[in-house]
Amino acid sequence: MGDSVDNVPGVPGVGPKTASELIRTFGDLEGVLAAAPDIKKPKLSQSLIEHADNARLSRELVRLVCDRPLPQPLDELALKGLPKEPLQQFLMDQGFRSLLMKLGGEEASAALPARVEDAIPFVHADYETVIAEADLDRWIASAYEAEVVAVDTETDDVDCIRANLVGISLATAPGKACYIPVGHGRGGEDLLTERPEQLPHPLVLAKLKPLLEDPTVLKIGQNLKYDLIMFRRSGIDVTPYDDTMLLSYDLDAGLGGHGMDELAKRHLDHACIEFKDVCGTGKNQVSFDMVPIDRATEYAAEDADVTLRLWQRLKPRLVPEAGNRVYELVDRPLVPVLAEMERAGILVDREELHRLSTQFGEEIIRLEAEVHEAAGGPFTIGSPKQLGEVLFDRLGLAGGRKGKSGVYSTDVNELERLAGEGVAVARLVLDWRQLTKLKSTYTDALQQQINPATDRVHTCFSLAVAQTGRLSSTDPNLQNIPIRSEHGRRIRHAFVAPPGHVLLSADYSQIELRLAAHMADVPQLRAAFAQGQDIHNLTAEELFGVIDRDTRAKAKTINFAILYGISSWGLAGRLGVDRGEAQAIIDRYFDRFPGVKNYMAETINQLREKGFVTTLFGRKTHLPGIKGKTVGERQSAERQAINAPIQGTSADIIKRAMVRIGPALEAAGLDKVRMLLQVHDELVFELPEGDVEAAKPVIERVMAEAAEPHVKLSVPLGIEMGAGRSWGDAH
DNA sequence: GAAGTCACG
DNA sequence: ACGTACGTGACTTCA
């Protein structure tokens, strides 16, 4: 990366370094200063400000070194005012223990021990249940004193939009944790039939609010987005915060899951009390408000205790290992943004979905009869096993291929092949499959997902699932709403804006190919994007010398193959040519675009050496499969290694756009524009009709400039936008 | 709970 | 010899 601090005065032999590298070299900020006793302070400051990879770090360096008024911040700094105690909070946040001790005394840094004490056992009996007001006050005071507190909320539902608060747990030191019940025994049937003695819910929240919002106390959570939403619903804005799930994700993506139970096993060698041991499972499961309070305390306080201990293990690894970039710049600030998107939800036309369900249902019944007729008897069309036997055994069609479990493949490729050969039943099954898919997954299911209180659908975005840094969406998944087929597209038209409003969709045009052109440094591709040329036409021209429908389609397939980590077998299968021909095309591609070949070789080398690959923002994806037993496993890791930096950089960029879009809109006076959805390269907004023309340029600018200043791209990022009454109309 | 299938980028 | 692209989540059938 090109950002460097040239000629750092007073640091002989250090050479060009980014701020993060300086920190890494000397252990912490104090080390940097110690190594540079005769630093020309203002000059260092200016230099760091201009070149450092963490603007916030730079600013605090300047503040520390110069003790004079700060120049205007460069990046995120512009988005937020400084907290009350910026330096102390920042240092604690960064894990600069020794400096904190010097400035704030021993007690200020007690929460971040240089070495984690392994010996403190988990003793459930030591956890405290807070029933009296004085005890609550004592715990709050202890959190202020520790300047760090792990927080966990217990509720009666995994869906935090409709969940009720049942209790809150706090931990201020390993082994020192409490549980504050507020909603137990609310009309339970078996376990608790009346409300046991508890502090009133509003009182507890009123007492916690100043603590949770205090800039000098760091709040720590595991999957904090959930708790943030719960607190936001009560008018509490938790800040500042750390999330152990995200720390794990940004440090160890690819090495395992990031749920608390798994992290506790991995890092603390501790088996947490499992939720199902407290609440049961299946039809015997009860919600948390029905759990007796003493049992609830063991479970809930342990969660906060574990979270605090995980933070002590993970946070100190951040600067040395993760380069401190994606966590600070991307993932952590995204949490409240996603929380607001989930809270907002999107309006769905229930009647339209119902009409589509009815319509699809009637068509499915017709198709079912036709399939059975053609097959010579009834069978379960939805059973791949039965369908395969009907097609390839009963009807005796040729070309049946059995997989390792001994069933014939009947997927879309196979059925399309048969349909192309004139097998009528194959086309009927394809149509039946499409409509049952649309009905069961979308038109039926989405109606069930509409929240009766808001009349809207509230998805849950997960930050720590995808190996590459992408988000994922569940309950319902709003990142796979149909668009490609005509029937499917009608479902998109059921996602609408309320009266007087429209939906605006903004998407990055071919962002992954643009990033590949930049990362592999391919002059022709860069020039084509700079001039707005059609990129598949360019590939067709380079590879085949002619541009027509056929060569362009082939070129498009090849461009995708490049992004996914090419193999001659895979390309052959997609293009319908033999393997030798596919290999010839690949060779020709590498010949025309040698940067791509080099990029792939370098990336795989890096993977073999380090065990991970990185995005332009420094996000890691570990791929232990590169050391796998089989060739297949190792080649799979190689393909992932090619794709992960591209897909991951794209994810980093749109996430940064999401973090910056709110403040940018606010600065433009567009406070009624709400971001609702992210679909990997697309953002969907809901806004008053009259705001569309003002909002478009703001959104476009933020998205187009989202990589800057930390990453300088050699290709422009193109944005396409549209607005309409429905999501379907916004494209 | 695994396998197969298919919706999206 | 190996293998039919990268990343997800939801639904259905069936053991």
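Residue numbers begin at 1 in each chain, while the letters A, B, ... track the order of the sequences. Not measured: the values here are computed from a predicted model.
Put simply, A:W569 does not rest on the base of C:dT4: the two rings are not both less than 5.5 Å apart at their centres and under 30° in tilt.
As judged by a 4.0 angstrom heavy-atom cut-off over every strand, A:R634 is placed among residues making no nucleic acid contact. Looking at heavy-atom distances under 4.0 Å, A:A644 makes no contact with the nucleic acid at all. No engagement by A:S650 is indicated, since no non-hydrogen atom pair under 4.0 Å with the nucleic acid exists. In this structure, A:I481 reaches the sugar-phosphate backbone alone: every heavy-atom distance under 4.0 Å involves primed, P, OP1 or OP2 atoms, never a base. At a threshold of 4.0 angstrom between heavy atoms, the contacts of A:I566 with the nucleic acid are absent. Nucleic acid contact for A:T557: base, since at least one base atom lies under 4.0 Å from a heavy atom of the residue. A:D507 comes within contact range of no nucleotide atom at all, as no heavy-atom separation falls under 4.0 Å.
The base of B:dG9 sits within donor-acceptor range of the side chain of A:R484, with an N or O pair under 3.5 Å. For a distance-only test at 3.5 Å, the side chain of A:R574 qualifies as a donor-acceptor partner of the base of C:dA5. You won't find any donor-acceptor pair under 3.5 Å spanning the side chain of A:R639 and the base of C:dG7, going by distance alone.
A distance-only check finds a donor-acceptor pair linking the side chain of A:T459 to the backbone of A:P476 [under 3.5 Å]. Judged purely by atom type and a 3.5 angstrom limit, A:D243 uses its side chain to pair as donor or acceptor with the backbone of A:N223.
In this structure, A:Q434 does not reach the B:dC6 phosphate: none of its side-chain N or O atoms is under 4.0 Å from OP1 or OP2. For B:dG4, neither phosphate oxygen OP1 nor OP2 lies less than 4.0 angstrom from any side-chain nitrogen or oxygen of A:S383. Contact between the side-chain N/O atoms of A:T380 and the OP1/OP2 oxygens of C:dT12 is not found at any separation under 4.0 Å. Between A:T441 and B:dA7 there is no side-chain polar atom (N or O) within less than 4.0 angstrom of OP1 or OP2. Residue A:Q479 places no side-chain N or O under 4.0 Å from the OP1 or OP2 atom of C:dA10.
Mapping A:V631 and A:H680 onto DNA chain C by nearest heavy atom places A:V631 at the nucleotide closer to the 5' end.
Across all strands shown, C:dC2 forms no Watson-Crick or G-U wobble pair with both distances under 3.5 Å.
A:Q635 and A:S567 share no side-chain donor-acceptor pair at under 3.5 Å. A donor-acceptor contact closer than 3.5 angstrom links the side chains of A:S636 and A:Q640.
In this structure, A:H680 has its ring center no closer than 6.0 Å to that of A:Y508.
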